[in-house]
Amino acid sequence: MSDQVDCTKKATPVISSFAAAYSVLPGIVLCAAVTAIAIGLQMAQESSLGHPYLEAIVIAILVGTAVRSFWTPGPRWRAGIAFSAKQLLEVAVALLGASITFSTIAGSGPVLLVATVCVVILTIVISYTVSRSLGLSKRLSILVACGNSICGNSAIAAVAPLIGASSDEIASSIAFTAILGVIVVLGLPLLIPLFALSEVQYGILAGMTVYAVPQVLAATMPASLVSTQIGTIVKLVRVMMLGPVVASIAYLARGLRTDQPARSSKQKLFKAVPWFIIVFFMFATLRSLSLIPDPLISPIRQIASVLTVLSMAALGLGVDLRVVGQVGARVTAAVTLSLVFLIAVSFCLVRYVIPT
């Protein structure tokens, strides 16, 4: 009799695991379908236009939001959507560390390195202040500040779960950041003849102001190969700031989380840092030490990219456009003013501070 009881106890966790996996499957499949559409549309842009003006990460939100506008997912879908929006996103952020090497960052030079770090920190402070002055919530202000200052959508997606941001707040910040990101890519090359920028100067300017790495390529490739190389390096420095910034926010803004009790101010920093940030730095260290084989880097990047798009599809499926519309004008103003400040500071640096 006791053996039967023990067997039952042992079987229960297994059954629970299968049940949990089955419960998230429908929602994940739904998000995967939206992801496939988004990636397909990005590929179509690349085929016809040479590069995407709207990346799959943005298209996934738009498609997911469109679906949500006509149909509200029921209980059967919600578990998988929530899993995709949080757990899969955390895995994607952790994998991004494998794309970073400390030697590449150090090779950009101390002046440029310090200047980029200072611009990121200053822009975060200014963007947050502007957003709060316009009446945005603390969470939304943090998302706008991080998105503008570091790497757009990826930064917003990484910070969002740490501050308990809602789907509407995430979608609002990403949507308006993405729109202005496309405008920057199209308009930034016009500054080259207007201000007689050199190839190096323009590369630095693009790397400091454009949100995503693919967008940096799109903004600099029409200029020159030198601009593209410099812009990519500067952009990697900004991406590298994602780890320290997210870790700091995880500790300093921990009181914004509503799904867990506020932590004591005496708590050690490492206890407040999420697991995926620690793994992010572990991957970056392994990559810097050449312990991750080069043939694995491309697959890891692709996996991280697909998981991020999948998470954005989940966020889109949870968006209520009525709520987004209520903050649209203020978010647009906050993102625009923050972006103008970022471009102005970056231009002053390349013109008067950084030797080129």
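Nothing here was measured: the structure is a model prediction, and the numbers come from that model. The residues of the chain are indexed from 1 along the displayed sequence.
The shortest distance between side-chain heavy atoms of S141 and V144 does not fall below 4.5 Å. The closest side-chain heavy-atom distance from L188 to Y202 is below 4.5 Å. Between V331 and L140, some side-chain heavy-atom pair lies under the 4.5 Å cut-off. Proximity of Q87 to V91: side-chain heavy atoms (C-beta onward) are nowhere separated by under 4.5 Å.
Side-chain contact, S149 with T123: no donor N or O sits under 3.5 Å from an acceptor N or O. Side chains of R301 and S305: a donor-acceptor N/O pair is absent below 3.5 angstrom, by distance only.
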Please lay out, stage by stage, how V159 and I142 fare under the test side chain to side chain contact (heavy atoms under 4.5 Å, CB included). CA-CA 8 Å; V159 171; I142 291 175; 3.8 Å; yes
Would you please test I204 and S346 for side chain to side chain contact (heavy atoms under 4.5 Å, CB included) and show each step? CA-CA 8 Å; I204 296 173; S346 300; over 6 Å; no
Worked check of side chain to side chain donor-acceptor pair (under 3.5 Å) between S227 and T220: CA-CA 6 Å; S227 297; T220 55; over 6 Å; no
Start with the C-alpha gap between V117 and M241, add the side-chain angles, then the distance that decides, and say whether side chain to side chain contact (heavy atoms under 4.5 Å, CB included) holds. CA-CA 7 Å; V117 171; M241 288 293 292; 3.8 Å; yes
Using the side chain to side chain contact (heavy atoms under 4.5 Å, CB included) rule, take W77 and W71 through it: C-alpha gap first, then chi angles, then the decisive distance, then the call. CA-CA 12 Å; W77 311 92; W71 170 66; 3.5 Å; yes
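Taken from OG1 in T116 to CD1 in I121, the straight-line distance is 11.0 Å, to the nearest 0.5 Å. Taking CD1 of I303 as the reference point, atom CG of L88 lies at 12.0 Å (rounded to 0.5 Å). Once rounded to the nearest 0.5 Å, the distance linking CG of L122 with SG of C118 reads 8.5 Å. To the nearest 0.5 Å, atoms OG1 (T129) and CZ (F341) are separated by 9.5 Å. Note that CG of L25 is 11.5 Å distant from CG of L30, once rounded to the nearest 0.5 Å.
With hydrogens and angles disregarded, a donor-acceptor distance shorter than 3.5 Å links the side chain of T35 to the backbone of C31. In terms of modelled atom types and a separation under 3.5 Å, the side chain of S173 and the main chain of I170 share a donor-acceptor contact. Side chain of R132 to main chain of L136: a donor-acceptor pair is present (N/O by atom type, distance under 3.5 Å, no hydrogens or angles). Remark: side-chain polar atoms of R139 are paired, donor with acceptor, to backbone N or O of I163 under 3.5 angstrom. At distances below 3.5 Å, at least one donor-acceptor pair connects side-chain atoms of R238 with backbone N or O atoms of G207. Here the side chain of Q201 pairs a donor or acceptor atom with the backbone of S198 at under 3.5 angstrom. Listed for the T308 side chain is no donor-acceptor partner under 3.5 Å among the backbone atoms of A92. The closest donor-acceptor contact from the side chain of R78 to the backbone of G27 lies at 3.5 Å or more, if one exists at all.
Residues V234 and M208 come closest through the heavy atom pair CG1-CG, 3.6 Å.
Screening L191, L197, T209 for a side-chain contact (heavy atoms from CB on, under 4.5 Å) involving F347 leaves a single residue, L197.
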